[in-house]
Number of protein chains: 2
Amino acid sequence: MDNLAAPAENRPYHHGDLRRALVAAARRILENEGPAALSLRAVAREAGVSPAAPYHHFKDKNELLEAVAHEGWEALDAAMTKARADAKTPRERMTALGVGYVYFARDNPALYRVMYDRSRDKDALPDHMNKSPDSAYCQVRDTILERTSGDAPTDIDVELSTIAAWCAAHGLAEMSGFKQFTALKEALGGEEAFLRAVLEHLGMFARVNAD
Amino acid sequence: MDNLAAPAENRPYHHGDLRRALVAAARRILENEGPAALSLRAVAREAGVSPAAPYHHFKDKNELLEAVAHEGWEALDAAMTKARADAKTPRERMTALGVGYVYFARDNPALYRVMYDRSRDKDALPDHMNKSPDSAYCQVRDTILERTSGDAPTDIDVELSTIAAWCAAHGLAEMSGFKQFTALKEALGGEEAFLRAVLEHLGMFARVNAD
DNA sequence: GGCGTTATCTGAACGCTGTCAAGATGATCT
DNA sequence: AGATCATCTTGACAGCGTTCAGATAACGCC
């Protein structure tokens, strides 16, 4: 979340850790000026090196953006962990995951956009999603399992529930800021009430089994 | 869907209908070469005019893309109308809307991306969504109302249902092509079965009231 | 019909971009 | 100390969005 140190003045000829510095510079530009300003040359400028320097650490711009996206997914993993830790019951944890997901997207809009732009280009979520137990995906799956009672659900059921929840959260994350919804938000009592209402409506919290 | 005539050879100095031709050229490039190839200069080339010609019809590239997106939303309206017409019961209509929406995104991926990229920049869906009764949004709302029985739901309930369904469909549309889901798709019996399962799971068809 | 006005289109230019090849620099290893 | 090798810079290229002066022709008015 914060290897974002300012660019070093009086830098020696060899930077030392340019790769990390470039990713940090890219994230700084994303936060301060938005995705449109994120050119490879601007990143190099921000890091205080020449426009060609990044090519010694990344094959092309795309590869740099993938490193940025990777940090984004890790930050999302952390946000999900935190959201889950703050809630007491399984049901509350599920709610917290959904709301936390949307808040993450709202608070890091440019980063979130880079993350999904890369994913759409590859037609896949990052690989670690399926594997690392701390990944956001696995945390959603585990939280769904926590809430399961009675007969053990099939793997297919669990995966379906996880994917459905993820689609709902992503759709809401991309659209919850749209102006069309401001009236409804107020009618429901604010941003968070709106998010909870939509997520509840989508059955995110009432599936697989009971409470 | 098809004002996409080939570029006119031996064109006179004044084109006659360059504005329409430019939008058509842009859609042709989107379909054939994808969103990355959609430069203003490429559109002008495709239309057979100089790089500066578009500026007499559009303020900038963004305005051209908005015209393209506008045609995209109209095409989506038409797809929703068709999906609804092909189904008999209200419940089937709702299913058909969801599946049809995702298919539209799958069949016009570049166009769909332009549509939502513009929307995110404006933080709003197109204006006509709220107004024109043929708009995709109003068709979803009306189909939800069709299925309502018993006490009349409040406006808030209806709007919430509509938005929730839209978020679910959009999320699924953006992610259904991801490689992570291929195994589940096969396990469920193919693409459409997968889409139906996720949409059903999201309660898209079981809310507001009964059948 | 002829003429001026105006919309439309071209050509050339500017600064920006991503990328690459050739050369400068300096850390590391022997 | 000297050679090697990764790292960084300089300079270049094509392509981009955009602007501006000038060419072209359609249109309205006499």
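Note on naming: letters A, B, ... go to the chains in the order of the sequence lines (proteins, then strands), and numbering restarts at 1 for each one.
- Closest-nucleotide positions on DNA chain C for Lys59(A) and Ala37(A) were compared, and the one nearer the 5' end corresponds to Ala37(A).
- Atom CD in Glu46(B) sits about 13 Å away from atom P in dC16(D), given to the nearest Å.
- Residues that satisfy the ring pair (Phe, Tyr, Trp, His ring centres under 6.0 Å) test with His170(B), not counting sequence neighbours, are Tyr112(B), Tyr116(B).
- Distance, Leu38(A) CG to dG18(C) C1': 13 Å, rounded to whole Å.
- Between the CG atom of Leu64(B) and the C1' atom of dT18(D) there is a distance of 14 Å, rounded to whole Å.
- Note: NE2 (His56(A)) to P (dT7(D)) measures 9 Å, nearest angstrom.
- Among the nucleotides dT9(D), dT19(D), dT10(C), the one closest to the side chain of Ala53(B) is dT10(C).
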Write out a two-atom table: protein N or O, nucleotide N or O from nucleotides 11-13 of chain D, distance below 3.5 Å.
none

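- We find that CZ of Arg45(B) is positioned 17 Å from C1' of dC9(C), with the value rounded to whole Å.
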Report all side-chain donor-acceptor pairs from residues 76-85 of chain B shorter than 3.5 Å, counting only partners two or more places apart or in another chain.
| residue | atom | partner | partner atom | Å |
| --- | --- | --- | --- | --- |
| Asp77(B) | OD1 | Ala136(B) | N | 2.8 |
| Asp77(B) | OD2 | His128(B) | NE2 | 2.9 |
| Thr81(B) | OG1 | Asp77(B) | O | 3.0 |
| Thr81(B) | OG1 | Gln139(B) | OE1 | 3.4 |
| Thr81(B) | OG1 | Gln139(B) | NE2 | 2.8 |
| Lys82(B) | NZ | Asp86(B) | OD2 | 3.2 |
| Arg84(B) | NE | Gln139(B) | OE1 | 3.2 |
| Arg84(B) | NH1 | Thr143(B) | OG1 | 3.1 |

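- A straight line from NE2 of His57(A) to C1' of dT9(D) spans 13 Å, rounded to a whole angstrom.
- Listed nucleotides: dT17(C), dT19(C), dT9(D). Nearest to the side chain of Ser50(A): dT9(D).
- Per the geometry, CZ belonging to Phe58(A) stands 15 Å off C1' belonging to dC8(D), to the nearest Å.
- Each of Leu199(A), Ile144(A), Val140(A) was checked for a side-chain contact (heavy atoms from CB on, under 4.5 Å) with Leu97(A), and the lone residue meeting it is Val140(A).
- Distance Lys61(B) NZ to dT18(D) P: 8 Å, rounded to the nearest Å.
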